[in-house]
Every structure is written in C-alpha cells, then in structure tokens.
Amino acid sequence: MSLVDKARIVERLTKELNAYPRSLRRVAMFIIDNPAEFGMKSIRDCAEATSVSTNTLVRLAQKLGFESYNQLREPFRAALTASASNSNTTQWVNELYDRGGIERVRADTVTSVIGNVTEALRHNEAEDIEQAAEMILSARNVYLMGTRAPYTLIHYLYYVGRMALPNLIVTPGHANSPVDEILTVEAEDVVLAVSISPFSRETIEACKIAKSRGAKLILMSDSTANSLPLKPDVTLISPITTPRNYKDFVGFDSFVGFFALAEWLMTTLVEKGAPDTKQRIQNFNEYRKETNVFWKS
C-alpha cells in the first residue's frame with residue numbers, strides 16, 4: 001500500500017459521497033475529514049466515533065473493493081508511518097512499539113503528532129491559505145474567535161500576529177462572550193474562527209451574526225460538517241487525533257495540526273504583506289531589546 005492508494009480512496013469517497021446511504025456517508029465523511037485518525041482507530045473505535053455498527057464499516061470496505069476493514073485502513077496507517085520524515089525516525093518509533101508499556105504510548109504520540117501536522121499541511125490547498133492571507137491583509141479589523149480549547153490557539157495567533165497586524169481583536173475578551181464582541185463587526189471586517197467537535201454553540205452563533213452583517217469568515221475546524229451552516233469564505237481543516245481513545249471522555253484533542261496551519265498562515269501574511277508589515281515586525285523586536293524584556297545571563 002502507498003500514499004497514492006490513500007489519495008485514491010479519499011478521492012473516490014469524495015466523488016461518490018452523495019450516492020451513499022446515510023450510515024455509509026457518515027463514515028465516508030469521517031475518513032475524508034480525519035484520515036490520520038482513521039489510520040489509528042480500530043474497527044470498534046471507528047464505529048463508536050461515527051455512531052454506526054462495525055458491519056457498516058465492513059460494508060464500506062467491501063464497496064471500495066477491500067476484503068476487510070483492516071485492509072481499507074492499511075493505506076492510512078502506511079501514510080502515518082511514511083510521515084515520519086526519515087528511516088531513522090521510523091526505526092526509532094518501531095523500537096518504541098517493541099518495548100511496550102509506556103514506550104508504546106510515546107510511540108503512539110510521535111505517530112499522532114507527525115500524522116496530524118502532515119495531514120493538516122497536506123489536506124489544505126495553498127490557494128486557500130493565500131486567499132485567507134489576502135482577506136486578513138485587506139480587512140479593517142480581524143476578529144480572532146474561539147472558545148474553550150481553541151481559545152489557546154486564538155491567543156497564539158494574536159501574540160504572534162500583532163507584531164505585523166495591529167488590527168487583531170481577540171474574541172471573547174475578558175468578561176464577554178463571542179456574541180457580545182461580534183456585534184460591532186462590519187462588512188469590511190474578517191472573522192477567523194476556530195471550532196472543533198463537539199462544536200461550541202457560542203462560536204457558531206457569533207459566526208452567523210458576523211456573516212449576516214457582511215463580514216468574511218475564515219473557519220479552522222476538524223470537520224467540513226462544521227462549516228455547512230456557516231458558509232465560510234475559506235475553510236481550513238486539521239485532524240485532532242490523540243494517541244489514545246478513552247470511552248465517554250471528551251476534551252483531550254491534539255492541536256498541533258492547527259498550530260502548523262497557523263504558522264503557515266502567519267508566514268504567508270508576512271510574505272504577502274506590504275514592506276511596512278515587515279518593518280513593524282522589525283520595530284517590535286527592536287523595542288523588545290531596548291526595553292530588556294528578555295533575560296540576559
């Protein structure tokens with residue numbers, strides 16, 4: 001099996017998606033949106049994640065020409081292994097698996113992290129990143145929106161981005177909800193929202209308000225299903241696969257793919273920005289040095 005096999009499977013699922021019955025369509029969307037996570041999940045875990053029976057997963061595999069679920073999953077597992085950038089890394093990960101115990105958890109973590117970052121950067125098109133950057137650079141204000149776990153990513157984007165873009169606004173701010181702060185949005189503004197499964201009601205409602213007022217929307221999510229009611233101008237997808245799956249436990253999601261997308265976006269913003277954008281970053285760093293914000297040993 002190869003990366004080509006995996007790409008062909010995803011392409012076929014995407015083309016045939018609307019022709020599938022509901023249960024098969026649910027699984028197909030999960031595979032399309034979360035190829036790295038699918039590569040790691042057992043048939044029982046995948047059935048639980050998609051709320052279908054294990055027989056449904058077997059049926060989909062057979063429909064695609066595979067004899068079993070494991071045979072369908074194999075190209076996705078191979079892609080995760082191939083994501084380990086060189087043979088030394090692959091050998092090291094295999095040695096960790098062989099040791100078992102807590103070392104197996106470390107191996108799963110390495111595979112998950114590399115897989116999430118690789119899939120996030122591979123799954124999204126350069127044209128989408130470029131469009132998002134152009135929207136941000138031409139906006140009057142850019143509202144960075146995220147609640148709960150995504151709030152961490154929002155603050156990272158603000159901390160790094162404010163050096164080049166003084167018009168960034170974090171929502172929600174202190175003592176407010178996203179809806180409170182989005183009420184001042186106008187058609188000349190852009191909202192960059194981060195929302196993952198299970199989707200935050202506050203974030204979705206605030207995005208709807210922003211769109212109704214004519215603002216453009218950039219959505220970062222783990223699923224295209226999240227974007228359906230919002231009609232974002234740009235959607236950026238990252239898997240949130242974690243090394244272990246725990247029954248009835250929600251909240252332990254991986255954000256490394258989102259941070260990789262954020263770095264790609266920030267680099268593009270600097271590259272496409274006017275000369276004064278780079279000058280603002282340089283001035284910001286010089287000011288930090290002059291005010292001795294960094295410790296000197």
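Fair warning: this is a prediction, and the values are worked out from it, not measured in the lab.
I237 and V117 fall into different hydrophobic clusters, where Ile, Leu, Val, Met, Phe, Trp and Tyr residues are linked whenever their side-chain heavy atoms come under 4.5 Å apart, directly or through other members.
Of all the heavy atoms in L24 and Y20, the pair that sits closest is CB-CB, 3.9 Å. The minimum heavy-atom distance linking A49 with K41 is given by the pair CB-CE, 3.9 Å. Taking every heavy atom of both residues into account, V256 and S254 meet most closely at CG2-OG, 3.2 Å. The heavy-atom pair separating P239 from N34 by the smallest distance is CA-OD1, 4.5 Å. Between V93 and T111, the shortest heavy-atom distance links the atoms CG1-OG1, 3.8 Å. Nearest heavy-atom pair, N167 versus A139, reported as atom, atom and distance to 0.1 Å: ND2-O, 3.2 Å.
For R99, the salt bridge (charged side-chain N to carboxylate O under 4.0 Å, His left out) partners at least two apart in sequence or on another chain are E103. Listed by chain and number, the residues in a salt bridge (charged side-chain N to carboxylate O under 4.0 Å, His left out) with R201 are E205 (sequence neighbours excluded). In this view, K211 and D233 satisfy the salt bridge (charged side-chain N to carboxylate O under 4.0 Å, His left out) rule, not counting sequence neighbours. Under the rule for a salt bridge (charged side-chain N to carboxylate O under 4.0 Å, His left out), R162 has no partner lying at least two apart in sequence or in another chain. By the side chain to side chain donor-acceptor pair (under 3.5 Å) test, E263 is found to be paired with no residue, residues two or more places apart in sequence or in another chain being considered.
Checked by atom type and distance alone, the side chain of E74 never pairs as donor or acceptor with a backbone atom of N70 at under 3.5 Å.
Between the side chains of T147 and T203, at least one donor-acceptor pair of N or O atoms lies under 3.5 Å. Looking only at atom types and distance, the side chain of Y143 has a donor-acceptor partner in the side chain of T184 under 3.5 Å away.
Put simply, CG on N116 and CG on D222 are 10.5 Å apart, with the number rounded to the nearest 0.5 Å. In this structure, CZ on R25 lies 6.5 Å from CG on L17, to the nearest 0.5 angstrom. Here the SG-CZ distance, from C46 to R73, works out to 9.0 Å after rounding to the nearest 0.5 Å. We find the CG-CD1 distance between D189 and I136 to be 12.5 Å, quoted to the nearest 0.5 Å.
With respect to the salt-bridge test (charged N to carboxylate O, under 4.0 angstrom), the residues E202 and R148 qualify. A salt bridge between R122 and E119 is present, with a side-chain N of the basic residue lying under 4.0 Å from a carboxylate O of the acidic one. At a threshold of 4.0 Å, the pair E134-K216 does not count as salt-bridged, since none of the basic side-chain nitrogens sits closer than that to a carboxylate oxygen.
Side-chain contact between S53 and T56 is present, with heavy atoms from C-beta onward closer than 4.5 Å. Taking the side chain as every heavy atom from C-beta outward, L236 and I129 approach each other to under 4.5 Å. Within the 4.5 Å cutoff, the side chain of L153 has heavy atoms near those of the F259 side chain. Between T267 and W264 there is no side-chain heavy-atom pair separated by less than 4.5 Å. Considering only heavy atoms from C-beta on, T171 stays 4.5 Å or farther from L144 through its side chain. Counting only heavy atoms from C-beta outward, the side chains of E186 and R140 approach each other to under 4.5 Å.
Between F255 and F258, the ring-plane angle classifies as tilted under the 30° and 60° cut-offs.
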For this session: Could you check L165 against V142 for side chain to side chain contact (heavy atoms under 4.5 Å, CB included), going step by step and ending with a plain yes or no?
Result: CA-CA 9 Å; L165 303 166; V142 180; 5.8 Å; no
- Any chance you could lay out the side chain to side chain contact (heavy atoms under 4.5 Å, CB included) test for M145 and V194, step after step, and finish with the verdict? CA-CA 6 Å; M145 184 191 305; V194 185; over 6 Å; no
Test side chain to side chain contact (heavy atoms under 4.5 Å, CB included) on Q62 and L72; report intermediate values, then the result.
CA-CA 9 Å; Q62 292 173 343; L72 168 61; over 6 Å; no
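No option in I218, L217, L219 other than L217 meets the side-chain contact (heavy atoms from CB on, under 4.5 Å) test with V191.
When ring centroids are compared, Y156 and Y159 stay outside the 6.0 Å threshold.
Identified under the ring pair (Phe, Tyr, Trp, His ring centres under 6.0 Å) test for residues 21-47, with sequence neighbours left out: F38-Y69, F38-F76.
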